[in-house]
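Report on one structure; see the data block that follows.
Chain letters run A, B, ... following the sequence lines, proteins first, then strands; residues in each count from 1.
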2 protein chains.
Amino acid sequence: MSETPLHPNLPLMLLQTREEVINRFRPILNHFGVTEQQWRILRVLRFRVSMEPKEICETCLFLSPSLAGVLARMEADDLIHKERMESDLRRVNVSVTDKGRALVDTVMPLIRAQYLLIEQHIGRETLGELCAVLDRLGAYDWEAIPSVALPS
Amino acid sequence: MSETPLHPNLPLMLLQTREEVINRFRPILNHFGVTEQQWRILRVLRFRVSMEPKEICETCLFLSPSLAGVLARMEADDLIHKERMESDLRRVNVSVTDKGRALVDTVMPLIRAQYLLIEQHIGRETLGELCAVLDRLGAYDWEAIPSVALPS
DNA sequence: GCGAGATAGTTAACATGTTAGGTATCACCA
DNA sequence: TGGTGATACCTAACATGTTAACTATCTCGC
């Protein structure tokens, strides 16, 4: 039992694994002209009546300024529709268009098939363990972790 | 024992965890005016005589066009130095400057201290398990995983 | 009603990610 | 030796990430 800190490059390791996974899905998304970010939104929005941008940011992990651009391009491509709320003119409702819904219904089965291919190759145990650890970590309140003092 | 596929959003889960971790380190890097990408390079280059861009791409997970811009800005900030190889004029040697080395020596202890704070809060078991799974996944030959057939 | 502060979303400026394609150089063989 | 293909790196064009600052609207207490 060593007391030595591991100080691994955790962000790099997470990035590496994410890239490996995404690279298996990217050909599918490219084939249909959707970006990975657009897909993050579509796959959630597909099964909702509408979502507010703030909610999309939290669910799909966007910063607000990024989302503004992504939504603008998706609306230009007729994948989504934006509408100001009557009751609060600051807020917006985003909904998927027929074209967007059809796209999800076409792409989703391919994404799931590709995931199964990955699962078959890597093994269900390892992937399940990864998901379990990530789930466990997602439940933590990371904001509560203190920050080191910075020199003036 | 369910046969139902989990079809989790693995890229999103990995992104989420990475963001949580990075967000704990970002104030440190911002304080010293270094980007996360520049830090990925510096922390490796610090302990080498020099590296070729291709090697940096593989080690630090950059695509070549991204790296070109990052290295250009780092050279403008006098953090690194680029030099064409005599023996092969296509290739370049990148080395860290005194300023870059001093920066790493200042920032690295803070990064390690912050990592320990995270470890104390999350628990060594969970973080170690995460690292272990990621290590295991990094050993796979992802390129060998077949791709689903795409409709014409 | 009104005015200070909060909130939702955007714009601006810059750095990086992604894809396609370009340039210079090199290795190798006819 | 000369030409063809491979290699290392770069540029271009566009989408996204990050931080700061801005606009419009709302809430609430006075």
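Between B/Arg73 and B/Glu86, it is B/Arg73 whose nearest contact on DNA chain C lies nearer the 5' terminus. Across the interface with DNA chain D, nearest-nucleotide mapping of A/Leu89 and A/Gln38 shows A/Gln38 to be the residue nearer the 5′ end.
Following rounding to the nearest Å, A/Leu63 (CG) and C/dT16 (P) show an atom-to-atom distance of 16 Å. Straight-line distance from the CZ atom of B/Arg40 to the P atom of C/dT16: 10 Å, rounded to whole Å. Whole-Å rounding puts the B/Lys54 NZ to C/dT25 C1' distance at 15 Å. Look at CD on B/Glu19: it is 14 Å from C1' on D/dT19, rounded to the nearest Å. Atom pair B/Arg18:CZ and D/dG17:P shows a separation of 12 Å (rounding to whole Å applied). Summarising the geometry, the separation between CZ on A/Arg90 and C1' on D/dT27 is reported as 8 Å, rounded to the nearest angstrom. Atom C1' of nucleotide D/dG17 and atom CZ of B/Phe62 are separated by 14 Å, given to the nearest angstrom. In this structure, the CG atom of B/Leu67 is 13 Å from the P atom of C/dT18, given to the nearest Å.
Phosphate contact (OP1/OP2 of D/dT19, side-chain N/O of B/Arg26, threshold under 4.0 Å): present. Between B/Thr35 and C/dT16 there is a side-chain polar atom (N or O) within less than 4.0 angstrom of OP1 or OP2. Contact annotation: A/Arg91 does not reach the phosphate of D/dC26 (side-chain N/O to OP1 or OP2, under 4.0 Å). Between A/Arg84 and D/dT25, a side-chain N or O to OP1/OP2 separation shorter than 4.0 Å is absent.
At a threshold of 4.0 Å, the pair B/Arg46-B/Asp105 counts as salt-bridged, since one of the basic side-chain nitrogens sits closer than that to a carboxylate oxygen.
Taking only side-chain atoms of B/Asn30, from C-beta outward, the nucleotide of C/dT25, D/dT19, D/dC10 with the closest atom is D/dT19. Checked against C/dG9, D/dT16, D/dC26, the side chain of A/Glu52 finds its nearest nucleotide in C/dG9. Each of D/dT16, D/dC26, C/dT19 was ranked by its minimum atom distance to the side chain of B/Pro65; first place goes to C/dT19.
No donor-acceptor distance shorter than 3.5 angstrom exists from the side chain of A/Arg91 to the backbone of A/Met85, with no hydrogens or angles considered. A donor-acceptor contact shorter than 3.5 Å links the side chain of A/Arg40 to the backbone of A/Leu61.
Heavy atoms of B/Ser66 sit under 4.0 angstrom from at least one base atom. Contacts of A/Ser64 with the nucleic acid, taken as non-hydrogen atoms under 4.0 Å apart, include base atoms.
For the pair B/Val133 and A/Thr126, the tightest heavy-atom approach, listed with the atom from each and the gap, is CG1-O, 4.0 Å.
Between A/His81 and A/Val94, every side-chain heavy-atom pair lies at or beyond the 4.5 Å cut-off.
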